[in-house]
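Worksheet: the structure to be examined is printed underneath.
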Amino acid sequence: MDARLDYFADPNASKAFKHFMAIGQILKASALPAATQELVALRVSQINGCAACIDMHTKEAAAAGETAVRLNLVAAWREATVFTGAERAALELAEQGTRVADAGEGVDDEVWARAAQHYDEGQLTVLVMLVSFMNTVNRLNIITRQPAGGYEAGQAAH
C-alpha cells in the first residue's frame with residue numbers, strides 16, 4: 001500500500017509537520033515514565049486502528065526493554081495482571097480520552113481521580129497532551145493511509 005500523501009513533499013506541510021512532531025519529542029523527554037508513554041501511545045493507536053503508529057510504538061517499546069507479554073496484552077489491559085496501578089490508570093484515561101464521542105462526557109471524574117492518585121499535575125498534563133497528540137497523529141496517518149511494517153526503532157528520532 002502506498003501513502004496518499006507525502007507530508008514532506010510540500011514545503012509548507014513539511015515545515016508544519018516537523019514542528020508538530022517536535023511536540024512528540026518534548027512529551028517524550030518529560031517526567032511521565034517512558035514505558036507509560038509507549039503503552040498509552042500503543043493503546044490509543046489500537047483503538048483508532050492506526051497501523052503505522054501500532055508498528056512504531058510496539059517496536060519502540062520493545063527496543064526500550066518492554067516485554068512481549070505486556071505489549072501483547074495492552075489491548076486487553078483490564079484483564080491482564082502485568083500492568084501497575086499507575087499504568088492501568090493511564091490506559092483508562094487514554095481510552096476515555098480517545099473515545100470522547102462514544103463516552104458522551106469524555107473522561108469521567110472517577111477515571112481522572114484514579115489517574116491523579118498516580119501522577120502529579122505535570123505528569124497529568126503530559127498524559128493529556130500525549131493522548132491528544134496520538135489521536136491527531138493517528139488521524140494524519142489513517143486519512144493518508146500511511147503504510148505499516150517498515151518502521152525501525154529509533155527512526156523517529158532522526
Side-chain angles (χ1 to χ4, degrees), residues 1-64 66 68 70-78 80 83 87-108 111-112 115 119 122-158:
M1 173 167 71
D2 293 326
R4 289 176 169 162
L5 289 177
D6 175 357
Y7 290 114
F8 298 102
D10 176 79
N12 289 323
S14 176
K15 186 175 182 180
F17 197 73
K18 286 178 184 176
H19 285 292
F20 183 73
M21 294 312 287
I23 295 168
Q25 294 303 318
I26 292 167
L27 298 174
K28 191 173 196 120
S30 74
L32 186 65
T36 301
Q37 289 191 44
E38 290 299 338
L39 295 172
V40 164
L42 179 56
R43 185 64 190 128
V44 169
S45 301
Q46 288 172 336
I47 292 167
N48 289 325
C50 182
C53 288
I54 293 168
D55 183 32
M56 170 193 249
H57 292 288
T58 301
K59 290 174 180 174
E60 288 292 347
E66 192 59 75
R70 283 170 42 95
L71 289 174
N72 290 329
L73 288 173
V74 168
W77 64 268
R78 282 180 178 79
F83 301 106
E87 291 167 339
R88 296 172 70 74
L91 289 166
E92 186 176 31
L93 189 143
E95 283 191 1
Q96 282 196 357
T98 298
R99 293 183 165 138
V100 291
D102 299 337
E105 296 180 22
V107 176
D108 65 43
V111 169
W112 184 263
Y119 301 103
Q123 291 171 317
L124 282 170
T125 301
V126 171
L127 183 56
V128 169
M129 292 182 74
L130 176 61
V131 170
S132 300
F133 176 80
M134 286 308 306
N135 274 283
T136 301
V137 172
N138 289 169
R139 281 149 180 79
L140 287 167
N141 287 333
I142 291 166
I143 292 167
T144 60
R145 292 189 180 161
Q146 297 298 315
Y151 182 83
E152 294 181 23
Q155 181 179 332
H158 300 111

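Quick caveat, the model's predicted, so the values are computed rather than measured. In this chain, numbering begins with 1 at the start of the sequence shown.
Atoms CE and OG1, from Met129 and Thr136 in turn, are 10.5 Å apart once rounded to the nearest 0.5 Å. Here CD1 of Ile23 is found 15.5 Å from NZ of Lys18. Values are rounded to the nearest 0.5 Å. Here CD of Glu152 is found 12.0 Å from CE of Met56. Values are rounded to the nearest 0.5 Å.
Side-chain atoms of Gln37 never come within 3.5 Å of backbone atoms of Leu130 as a donor-acceptor pair (strictly under, hydrogens ignored). Without hydrogens or angle criteria, Lys15 side chain to Asp10 main chain gives no donor-acceptor distance under 3.5 Å. Side-chain N or O atoms of Ser30 include none that pairs as donor or acceptor with a backbone N or O of Ile26 at under 3.5 Å. Side chain of Arg145 to main chain of Asp2: no donor-acceptor pair is present (N/O by atom type, distance under 3.5 Å, no hydrogens or angles). Side-chain atoms of Arg4 come within 3.5 Å of backbone atoms of Ile143 as a donor-acceptor pair (strictly under, hydrogens ignored). At distances below 3.5 Å, not a single donor-acceptor pair connects side-chain atoms of Asp55 with backbone N or O atoms of Ala51.
For Pro33, the side chain to side chain contact (heavy atoms under 4.5 Å, CB included) partners two or more places apart in sequence, or in a different chain, are Thr36, Tyr119, Gln123.
Considering all non-hydrogen atoms of both residues, Ala3 and Gln146 come closest at CB-NE2, 3.4 Å. Glu92 approaches Arg78 most closely through the heavy-atom pair CG-NH2, 4.5 Å. Shown here for Glu95 and Ile47, the closest heavy-atom pair between the two residues is CG-CD1, 3.5 Å. For the pair Met134 and Ser45, the tightest heavy-atom approach, listed with the atom from each and the gap, is CE-OG, 3.4 Å. Counting all heavy atoms, side chain and backbone alike, Glu66 lies closest to Ala35 at OE1-CB, 3.9 Å.
A side-chain contact (heavy atoms from CB on, under 4.5 Å) with Cys53 is found for one member of Thr58, Asn138, Leu42, Asn48 and no other, namely Asn138.
The aromatic rings of Phe17 and Tyr7 lie parallel to each other, their planes meeting at an angle below 30°, with 60° marking the opposite boundary.
Comment: Lys28 engages Glu38 in a salt bridge, judged by a side-chain N to carboxylate O separation of less than 4.0 angstrom.
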Quiz prompt | Derivation and outcome, side chain to side chain contact (heavy atoms under 4.5 Å, CB included), residues Phe133 and Val44 | solution = CA-CA 10 Å; Phe133 176 80; Val44 169; over 6 Å; no
Quiz prompt | Chi angles and distances behind the side chain to side chain contact (heavy atoms under 4.5 Å, CB included) call for Asn135, Arg139 | solution = CA-CA 6 Å; Asn135 274 283; Arg139 281 149 180 79; 3.1 Å; yes
Exercise. For side chain to side chain contact (heavy atoms under 4.5 Å, CB included), just list the numbers for Leu39 and Phe83, CA-CA rounded to whole Å, side-chain angles, deciding distance to a tenth of an Å, and then say yes or no.
Key: CA-CA 10 Å; Leu39 295 172; Phe83 301 106; 4.1 Å; yes
